[in-house]
Trainee: 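This is the structure I have questions about; it appears just below.
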Amino acid sequence: MAKKITTIGVLTSGGDAPGMNAATRAVVRCALANGLKVKGIYRGYAGLLEEDIQDLTSRSVSDSIQKGGTILYTARCPEFKTTEGQDKGAEICKKHGIDGLVVIGGDGSFQGALRLSERGVNTIGLPGTIDLDIACTEYTIGFDTAVNTAMESIDKVRDTSTSHERCSIIEVMGRNAGHIALWCGIANGAEDILLPENYDYNEQRLIDEIITRKKNGKKHTIIINAEGIGDSYNMAKRIESATGVETRATVIGHIQRGGSPTAKDRVYASAMGVKAVELLLEGKTNRVVAYKAGEFVDYDIAEALNMQKTLNPYLMNVFPKLNS
Ligand code: ADP
Ligand code: F6P
């Protein structure tokens, strides 16, 4: 039988995401309600290696559910990719009595969680990233807020783009994944979406379409460009000179990673935090919490990391039907 855990550690790692605080709060409160101790590990794996660890009480997470960012801070820690770093991290967990660990982050952070599980620390991953690029889950903490923030910003660009009868290339985040771009493309009524998953780099097609739309009376063109394609400023210059239509580029950037989480991010992140504690109480380790077909479920971390994520094919088919 698995040894009963007594102390849970919680950390946030990789890019921050709105809703991480709701997840942290849920882990802390649910663990305390079950008679466990909770330790906050600050600045992700970097803070673990530097023993930046403090006891957390229910009050430590007061007034946090509505806040963007992460009250535990976050970092990227190259040292944790080495076996020496991972050995040291596991030793530090043992030294502080941390026998259950909740890691809130993306795929990279889950690689670290897997290594700690292999070293005897019961570890559960929660998907925290605005990019929605974790294959085992239909929901990641922060995506909903990020898409809504980007959507509002794009609406604003659209106002000025229409007034000046311009073309706007608007770049959204997502690293190598196009989920944010696809959602914004549909939500903002864009004329085109450039996705890393299927973009053919045929700029002549974009140019021809801008010219045709102008002839047909369209006042402006909004093109959503995913970060994975990038090059928005140069693209704008090339398009302007080929079409004669004034073209501007806007890179939304980190604005879309901040801000108060939406209700969905607060609620789902809270549910995932509770699920992580429940799994640890059941003696489970090396699991990722996921949302699939309306339920909160869990997968083996290695299995989850091997899954391939694609863009929602139905949504990809919907977009071209909206632009007649
Ligand atoms: P995300 O978790 O959002 O995908 P990163 O890919 O930057 O973000 O990973 C966050 C951190 O997770 C890294 O800085 C590193 O400390 C840890 N990490 C990433 N990849 C590995 C790996 N292969 N092995 C161990 N730890 C890793
Ligand atoms: O993973 C979240 C994310 O915001 C990506 O969309 C983006 O590529 C990356 O992080 C940016 O990272 P940084 O904040 O380190 O520049």
Side-chain angles (χ1 to χ4, degrees), residues 10-20 23 41-50 52 68-70 72-90 92-93 101-119 121 123-137 140-147 149-150 153 170-184 195-197 224-232 251-259 265 286 288-289 301-302 304-307 309:
V10 55
L11 63 82
T12 51
S13 167
D16 64 336
M20 280 183 165
I41 300 165
Y42 290 80
R43 297 180 297 107
Y45 295 120
L48 174 64
L49 296 185
E50 290 163 25
D52 192 355
T70 164
L72 292 178
Y73 297 87
T74 186
R76 295 199 165 93
C77 174
E79 191 188 344
F80 208 71
K81 294 186 182 176
T82 65
T83 50
E84 294 77 18
Q86 294 154 13
D87 289 344
K88 187 174 166 193
I92 290 170
C93 284
L101 178 67
V102 180
V103 171
I104 309 168
D107 273 347
S109 304
F110 293 168
Q111 296 274 1
L114 172 64
R115 301 299 160 223
L116 286 173
S117 291
E118 289 167 355
R119 287 163 173 76
V121 183
T123 308
I124 307 292
L126 295 188
T129 169
I130 64 164
D131 301 337
L132 193 67
D133 60 349
I134 299 178
C136 67
T137 183
T140 61
I141 296 165
F143 174 75
D144 190 60
T145 307
V147 163
T149 304
S153 306
I170 307 173
E171 187 173 313
V172 295
M173 276 187 169
R175 209 184 287 253
N176 298 317
H179 302 279
I180 298 178
L182 177 59
W183 274 64
C184 287
L195 301 167
E197 288 82 354
I224 307 296
N225 185 29
E227 175 188 18
I229 294 166
D231 196 32
S232 296
V251 177
I252 297 182
H254 287 82
I255 284 174
Q256 70 209 286
R257 224 164 72 188
D265 275 328
N286 202 37
V288 178
V289 175
I301 296 186
L305 287 170
N306 276 330
M307 295 178 189
K309 180 122 183 159

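Because the structure is a prediction, the values reported are computed rather than measured. Atoms within each ligand, like the ligands themselves, are counted from 1 in listed order.
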Trainee: Between E227, R76, M173, flag the one that comes closest to atom 8 (O) of ligand 2 by a heavy atom.
Mentor: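 Going through E227, R76, M173 one by one, E227 has the nearest heavy atom to atom 8 (O) of ligand 2.
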Trainee: What protein heavy atom is closest to atom 9 (C) of ligand 2, reported as residue, atom name and distance in Å?
Mentor: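 I find the closest protein heavy atom is R257 NH1, 3.9 Å.
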Trainee: Ignoring hydrogens and geometry, is there a side-chain-to-backbone donor-acceptor pair from Q256 to V172 under 3.5 Å?
Mentor: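 No.
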Trainee: Atom OG1 in T70, atom CG in L11: separation rounded to 0.5 Å?
Mentor: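 Nearest 0.5 Å value for the OG1-CG distance: 9.5 Å.
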Trainee: Got a second to check how far I180's CD1 is from R257's CZ, nearest 0.5 Å?
Mentor: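 Result: 10.0 Å between the selected atoms.
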Trainee: Do any N or O atoms from the side chain of T74 and from the backbone of G14 form a donor-acceptor pair under 3.5 angstrom?
Mentor: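 Flag set: sc T74 to bb G14 pair under 3.5 Å.
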Trainee: Looking at ligand 2, does any of its N/O atoms fall within less than 3.5 Å of an N/O of G174?
Mentor: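 Right, the criterion is met.
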Trainee: Using modelled atom types only, decide if a donor and an acceptor are shared between the side chain of T140 and the backbone of T129 within a distance under 3.5 Å.
Mentor: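 A pair under 3.5 Å: yes.
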Trainee: For ligand 2, which atoms sit closer than 4.0 Å to a heavy atom of H254?
Mentor: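 Here the atoms of ligand 2 in question are 13 (P), 14 (O), 16 (O).
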Trainee: In terms of relative ring orientation, are Y42 and Y73 parallel, tilted or perpendicular, with 30° and 60° separating the classes?
Mentor: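 The rings of Y42 and Y73 sit tilted, inter-plane angle from 30° to 60°.
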Trainee: Might you list the protein residues in contact with ligand 1, defined as having a heavy atom under 4.0 Å from one of its atoms, sorted by chain and number?
Mentor: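 For ligand 1, the contacting residues are S13, G14, G15, Y45, R76, C77, F80, K81, Q86, G106, D107, G108, S109, Q111, G112.
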Trainee: Is it true that a side-chain atom of Y45 and a backbone atom of Q86 form a donor plus acceptor pair closer than 3.5 Å?
Mentor: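 No, because the side chain of Y45 does not come within donor-acceptor range (under 3.5 Å) of the backbone of Q86.
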Trainee: Which distance, rounded to the nearest 0.5 Å, do you find between the CZ of R115 and the NZ of K81?
Mentor: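 Reported to 0.5 Å precision, the distance equals 12.0 Å.
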Trainee: Note the single closest protein heavy atom to atom 2 (C) of ligand 2, along with its residue, its atom name and the distance in Å.
Mentor: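 Nearest protein contact, heavy atoms only, for atom 2 (C) of ligand 2 is D131 OD2, 3.3 Å.
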